[in-house]
Amino acid sequence: MSTLIQSTPAAAQSDAAPEKELRPPSYWPFVVPALVVVLAIIIFPWVFTIWMSLNEWKVGSATTFVGFSNYLRLTSDPRFIEAIGHTLVYTVLSVLLPLVFGTFAAVVFHQKFAGRGFLRGVFIMPMMATPVAIALVWTMMFHPQLGVLNYLLSLVGIPPQLWVFHPATVIPSLVLVETWQWTPLVMLIVLGGLAAIPTEPYESAQIDGASLWQVFRFITLPLIMPFLFIAGMIRMIDAVKSFDIIFAITQGGPGSASETINLYLYSVAFIYYDLGYGSAIAVVFFLLIVLLAAVMLYARQRMLWTEIASDA
């Protein structure tokens, strides 16, 4: 009798199980709007871009399926290959320089001194300005005859420079603008890391008689490395797709000396109206960004395992 009583609830649960499995999930009304937005804003544009890249399509003419011809055309396009080199040089410099100067500024502003809060506020003002306004101001500063930069160089006996008006100096000059604007962002990220470091390692180093450089090299730098990695990732993604400042100052010139992939894509798609070839450039550009991000993530993972092995 007890066995029958015990088996009755189990049978009832087994009968109710199929009914529970057939019941539709209750969270679908909340998920569907998000799926619609993702499909409409992210997935559909990329699928359509890939489809366009497989066609020869110019504005005003019919589309013709050409397969991977647009991608093969990229390999023999000297202007595209040159744009890749400009993009990589611009990205590397626009990441390294803000990281160096931002870290230095963070270490300085982490110290306690009079007016520190006011100077911090002044230092972060460049990153709050709009890119086009920054480009217009720096364009006037870069002027060979009327610019303030050449006037400052003349005060120390350095001859005037052509800045963005010479192919050899245009990319370093644009990197100067990028560094001036985004060094404060790196400073804020590193300041957050410095604020999270405990004081005990510094007290021990002071007792041991470590110099300022030794304290920074062996204590501060390893502890803020995760924050530097985050800052570097943000700067890399932003620099590799930079468009507004370059376009407003040089429009890719002189000639094509500062033409990055983004600017070349703009020229192909919206000046020459070759949407099929421009879509192929967009797909390759996206893959380049993914590759750079994967390299940084791989470097971070290797760094993490190295830290774990050294601790062990």
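Counting from 1, the numbers follow the sequence of the chain as shown. Everything numeric in this text was worked out from a predicted model, so none of it was measured.
Summarising the geometry of T139 relative to A248, their closest heavy-atom pair is OG1-O, 4.5 Å, with the distance given to 0.1 Å. Taking all atoms of both residues into account, the shortest heavy-atom contact from L99 to A231 is CD2-CB, 3.9 Å. Nearest heavy-atom pair, Q181 versus A129, reported as atom, atom and distance to 0.1 Å: NE2-O, 3.9 Å. In terms of heavy atoms, L97 sits closest to V175 at CD1-CG1, 3.7 Å. Nearest heavy-atom pair, G102 versus V186, reported as atom, atom and distance to 0.1 Å: CA-CG1, 4.0 Å. When all heavy atoms of G192 and F227 are compared, the pair lying nearest together is C-CE2, 4.3 Å.
Judged purely by atom type and a 3.5 angstrom limit, Q161 uses its side chain to pair as donor or acceptor with the backbone of P159. The backbone N or O of S53 lies less than 3.5 Å from a partner atom in the side chain of N70, making a donor-acceptor pair. No donor-acceptor pair closer than 3.5 Å links the side chain of S242 to the backbone N or O of A239. With hydrogens and angles disregarded, a donor-acceptor distance shorter than 3.5 Å links the side chain of S76 to the backbone of R73. Side-chain atoms of T63 never come within 3.5 Å of backbone atoms of W57 as a donor-acceptor pair (strictly under, hydrogens ignored). Looking at N150, its side chain never comes within 3.5 Å of a backbone N or O of F142 through a donor-acceptor pair.
Atom CD of E200 has more than 12 neighbouring heavy atoms from other residues, nucleotides or ligands inside a 6.0 Å radius. Around the CG atom of L212, the shell of radius 6.0 Å holds no more than 12 heavy atoms that belong to other residues, nucleotides or ligands. By the 6.0 Å contact criterion, CZ on F68 is open, its count of non-hydrogen atoms from other residues, nucleotides or ligands being 12 or less. Surrounding OH of Y202 are more than 12 heavy atoms belonging to other residues, nucleotides or ligands, all under 6.0 Å away. Counting heavy atoms of neighbouring residues, nucleotides and ligands inside a 6.0 Å radius, atom CD of E82 exceeds 12 of them. The number of heavy atoms from other shown groups lying within 6.0 Å of CE (M128) is above 12. Around CZ of F113, the count of heavy atoms belonging to other residues, nucleotides or ligands within 6.0 Å exceeds 12. Within a 6.0 Å radius of CZ in F165, more than 12 heavy atoms belonging to other residues, nucleotides or ligands are found.
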Step by step, work out the side chain to side chain contact (heavy atoms under 4.5 Å, CB included) result for Y273 and V268. CA-CA 6 Å; Y273 298 111; V268 170; over 6 Å; no
Take V240 and F285, measure what side chain to side chain contact (heavy atoms under 4.5 Å, CB included) needs, and give me the verdict at the end. CA-CA 9 Å; V240 75; F285 187 35; 4.2 Å; yes
Given W51 and V47, is the side chain to side chain contact (heavy atoms under 4.5 Å, CB included) satisfied, shown in steps? CA-CA 6 Å; W51 176 82; V47 172; 5.6 Å; no
Apply side-chain hydrogen bond (donor to acceptor under 3.5 Å, both in side chains) to residues Y90 and T260 and explain how you reach the verdict. CA-CA 8 Å; Y90 181 84; T260 59; over 6 Å; no
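Listed by first and then second residue, the salt bridge (Lys or Arg N to Asp or Glu O under 4.0 Å) pairs that reach into residues 160-175 come to none, sequence neighbours excluded. Counting only residues at least two apart or on different chains, the salt bridge (Lys or Arg N to Asp or Glu O under 4.0 Å) pairs with a member in residues 217-243 are E178-R235, R235-D238.
Cluster annotation: I289 and V95 are assigned to the same hydrophobic cluster (Ile/Leu/Val/Met/Phe/Trp/Tyr, side-chain heavy-atom contacts under 4.5 Å, transitive). In the hydrophobic clustering of this structure, L221 groups with M233; members are Ile, Leu, Val, Met, Phe, Trp, Tyr whose side-chain heavy atoms approach within less than 4.5 Å, directly or through other members. Two different hydrophobic clusters hold V177 and L185 under the rule that ILVMFWY side chains link at heavy-atom gaps under 4.5 Å. Hydrophobic clustering of Ile, Leu, Val, Met, Phe, Trp and Tyr side chains at less than 4.5 Å, counting indirect connections, unites I171 with L263. In the hydrophobic cluster analysis, where Ile, Leu, Val, Met, Phe, Trp and Tyr join through side-chain heavy atoms closer than 4.5 angstrom, M52 is grouped apart from L265.
Taking a 4.5 Å side-chain heavy-atom cut-off between Ile, Leu, Val, Met, Phe, Trp and Tyr, the cluster of M140 contains only that residue.
Residues forming a ring pair (Phe, Tyr, Trp, His ring centres under 6.0 Å) with F247 (at least two apart in sequence, or on another chain): F243, Y266. Residues meeting the salt bridge (charged side-chain N to carboxylate O under 4.0 Å, His left out) test with R79, sequence neighbours left out: E259. Looking at residues two or more places apart in sequence or on another chain, you find a ring pair (Phe, Tyr, Trp, His ring centres under 6.0 Å) between F109 and F123.
Taking CG of L292 as the start and CD1 of I237 as the end, the distance is 9.5 Å to the nearest 0.5 Å. For the atom pair L291 CG and M296 CE, the distance stands at 12.5 Å (nearest 0.5 Å). Atoms CG and NE2, on L191 and H110 in that order, are 8.0 Å from each other to the nearest 0.5 Å. Atom-to-atom distance recorded for T179:OG1 and L96:CG is 9.5 Å, nearest 0.5 angstrom. Expressed to the nearest 0.5 Å, how far CD1 of I249 lies from CG of L136 amounts to 8.5 Å. Here the CD1-CD1 distance, from I189 to I224, works out to 11.5 Å after rounding to the nearest 0.5 Å.
There is no side-chain donor-acceptor pair under 3.5 Å between S267 and Y272. No side-chain N or O of T49 forms a donor-acceptor pair with one of S279 less than 3.5 Å apart.
Y71 places a side-chain heavy atom less than 4.5 Å from the side chain of L54. Side-chain contact between P254 and P167: present, with at least one pair of heavy atoms (C-beta onward) separated by less than 4.5 Å. Looking at I134 and W180, their side chains come closer than 4.5 Å, going by heavy atoms from C-beta outward. Side-chain contact between F101 and F104 is absent, with no heavy atoms from C-beta onward closer than 4.5 Å. Looking at heavy atoms from C-beta onward, Y264 lies in side-chain contact with D77 at the 4.5 angstrom threshold. Using a 4.5 Å heavy-atom cutoff, the side chains of V89 and L93 are in contact. A heavy-atom distance below 4.5 Å is found between the side chains of V32 and V36. Put simply, the side chain of L188 reaches to within 4.5 Å of the side chain of M127, judged on heavy atoms.
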